[in-house]
2 protein chains.
Amino acid sequence: MVKLKKDATTEEKILAAAQKIFVKKGMAGARMQEIADEAGINKAMLHYYFRNKEMLFEMIFRQSAQKLFPRLNIIFESDAPLFEKIEKFVSEYIDVIRENPYLPMFVLGEMNRNPEGFYKKMKYEFDFPKPDRFLQQIKKDAKEGKIKPIRPPQLLMNIISGTIFPFMARPMFQMHIGLSDAQFMEFIDQRKTEYARFIIDAIKK
Amino acid sequence: MVKLKKDATTEEKILAAAQKIFVKKGMAGARMQEIADEAGINKAMLHYYFRNKEMLFEMIFRQSAQKLFPRLNIIFESDAPLFEKIEKFVSEYIDVIRENPYLPMFVLGEMNRNPEGFYKKMKYEFDFPKPDRFLQQIKKDAKEGKIKPIRPPQLLMNIISGTIFPFMARPMFQMHIGLSDAQFMEFIDQRKTEYARFIIDAIKK
DNA sequence: GTCTATAATTTGATAGAC
DNA sequence: GTCTATCAAATTATAGAC
């Protein structure tokens, strides 16, 4: 069962349990009974509080997407110089995901299965951090010769790929390279500083 | 319906249909009825040929993993110099995934949901390309001063991340950056050459 | 081998007592 | 608000004719 403060309301218990189950199994794979068990209550309560599975799922998905995306603000809405921004983003974002390792697979997986659906909803739900400023900064730095020429969206994708993907590919990677769980954690720890350095080496003149 | 040569056997039709549906919806989200419809036959045939959903799924998963992984041989089992290898891998692997854009999400997603299960099976099913030689090559090139010092597994992860992740993050990326489908394809096309260059810039002295 | 019809099971949802 | 018991729908699986 999910651990929460002892006086957690039933609604909180349900949300915590649903988060755990949905994120691990996805919308299609999650079972209402399993969520109820995880929350330590019975199935009827789920419907009492959230009407049906779809509404409960949407609540969790929204909550999850918010956990995952707004962190992009680190990189999008700061005034720091480019290299500093990259270092901070990689390090902090890896920490966020380490706390919620299944989150990217869940959010991106569900978005892949139902792209239109989320586009409409999320567009209005919470204001997305807009990458425009960051892309402009890259363009400017390149034009001024501070970094090698590179298309801004490509660089943005490179930064995010190397930060998130290792968690999504974890089972494959551990199996291929032959890493224990502890060794994988060490690998991730190294990455917190080394990946930003790698990026910077690629673009600095 | 899936397009196949006209004289495809029923078994082939089923496999092609199941591949399409499972890869898009995952084990939990796929419906036997939908697979049957896609194959242009009836549900009973699925059970006649593959006994049950789980066995059909395993067949497809194995087939999918084989499509995805053995391509790693490009990078693992060649004698070419490092930079050449990287260029070839990025370009060819992007092409493979472009033909099967849902494949990585499917394979990695199912592996995440059931890591132990696949570890045992796949270990014996087909011999995995072993990364040892490639990792050694990186180590050697670094020691000889041909490239900047870098931990080999980190470099390997960087190469793969930037190649595969863009496809998994496609809906999120198009939404955030505001790209049309055509623009995304163009983005991927650029990537075929530019990402290898990016990597090489990061490690060359 | 292939089909239709149907059984069996799983699972989301509700009724109604407390 | 919370529970038990139950229903209804969806979905996997099988029986049996051709």
Side-chain angles (χ1 to χ4, degrees), chain A residues 1-64 106 109-110 113-114 117, chain B residues 1-64 106 109-110 113-114 117:
Chain A
M1 270 185 28
V2 183
K3 278 185 196 166
L4 287 176
K5 55 183 193 297
K6 210 179 172 188
D7 60 336
T9 66
T10 299
E11 189 169 340
E12 286 167 341
K13 284 188 214 161
I14 293 175
L15 284 171
Q19 164 88 17
K20 181 173 167 186
I21 303 297
F22 273 129
V23 166
K24 199 179 337 186
K25 311 230 167 150
M27 167 64 176
R31 296 288 159 251
M32 295 295 266
Q33 185 60 59
E34 197 178 356
I35 293 172
D37 294 345
E38 180 72 35
I41 49 135
N42 69 70
K43 237 185 349 172
M45 288 283 91
L46 302 181
H47 292 88
Y48 178 79
Y49 279 96
F50 297 94
R51 186 135 192 112
N52 58 35
K53 186 182 179 183
E54 200 180 321
M55 288 188 185
L56 180 53
F57 170 78
E58 283 198 15
M59 200 72 97
I60 297 303
F61 180 82
R62 212 166 286 152
Q63 196 175 287
S64 300
F106 171 62
E110 298 294 340
R113 290 198 170 74
N114 185 359
Chain B
M1 272 188 23
V2 184
K3 277 186 194 165
L4 287 176
K5 57 182 192 292
K6 210 178 173 189
D7 60 337
T9 66
T10 299
E11 189 171 338
E12 285 168 341
K13 283 188 213 161
I14 294 175
L15 284 171
Q19 163 88 17
K20 181 172 167 186
I21 302 299
F22 272 129
V23 166
K24 199 179 336 184
K25 311 228 167 151
M27 165 64 177
R31 295 289 160 253
M32 295 294 266
Q33 184 62 57
E34 198 179 354
I35 294 172
D37 294 347
E38 180 74 34
I41 48 137
N42 69 71
K43 239 186 345 173
M45 288 283 90
L46 302 182
H47 291 89
Y48 178 78
Y49 278 96
F50 296 95
R51 183 132 193 115
N52 59 33
K53 187 182 179 184
E54 201 181 321
M55 287 188 186
L56 180 54
F57 170 78
E58 283 199 16
M59 201 71 97
I60 297 302
F61 180 82
R62 213 165 287 152
Q63 195 175 286
S64 300
F106 171 62
E110 298 293 342
R113 289 197 171 76
N114 185 359

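Remember, it's a predicted structure, so these values are computed and weren't measured experimentally. Note on naming: letters A, B, ... go to the chains in the order of the sequence lines (proteins, then strands), and numbering restarts at 1 for each one.
The heavy-atom pair separating L46(A) from M32(A) by the smallest distance is CD1-O, 3.2 Å.
Under the side-chain hydrogen bond (donor to acceptor under 3.5 Å, both in side chains) criterion, Q63(A) pairs with Q19(A), sequence neighbours left out. Partners of E11(B) according to the salt bridge (charged side-chain N to carboxylate O under 4.0 Å, His left out) rule, which considers only residues two or more places apart in sequence or in another chain, do not exist here.
For the pair M45(B) CE and dA17(D) P, the interatomic distance rounds to 16 Å; values are reported in whole Å. The distance between atom CG of L46(A) and atom P of dG1(D), rounded to the nearest whole Å, is 15 Å. In this structure, M55(B) places its CE atom 14 Å from C1' of dT12(D), rounding to the nearest Å. As rounded to whole Å, 10 Å separates atom P of dT11(D) from atom NZ of K25(B). Remark: P of dT2(D) and CZ of F50(A) are 12 Å apart, rounded to the nearest angstrom. Atom CD1 in I41(A) sits about 14 Å away from atom C1' in dT4(D), given to the nearest Å.
Residue pairs meeting the salt bridge (charged side-chain N to carboxylate O under 4.0 Å, His left out) criterion with at least one partner in residues 27-43 of chain B, sequence neighbours excluded, are K20(B)-E38(B), K25(B)-E34(B). Sequence neighbours left out, the pairs with a member in residues 18-50 of chain A that pass ring-ring contact (aromatic ring centres under 6.0 Å, His included) are F22(A)-F57(A).
Taken from CD1 in I35(B) to CD in Q33(B), the straight-line distance is 10.0 Å, to the nearest 0.5 Å.
Taking 4.0 angstrom as the limit, Y48(B) places none of its side-chain polar atoms (N or O) nearer than this to OP1 or OP2 of dT14(D). At the phosphate of dC3(D), OP1 or OP2 sits under 4.0 Å from a side-chain N or O atom of N42(A).
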Give me, pair by pair, the N or O atoms of the protein and of nucleotides 12-16 of chain C that are less than 3.5 Å apart, along with how far apart they are.
unit_1, atom_1, unit_2, atom_2, d
dG12(C), OP1, A30(A), O, 3.4
dG12(C), OP1, R31(A), NH1, 3.1
dG12(C), OP1, K53(A), NZ, 3.2
dG12(C), OP2, M32(A), N, 3.0
dG12(C), N7, K43(A), NZ, 3.4
dA13(C), OP2, H47(A), NE2, 3.3
dA13(C), OP2, K53(A), N, 2.8
dA13(C), N6, K43(A), NZ, 3.0

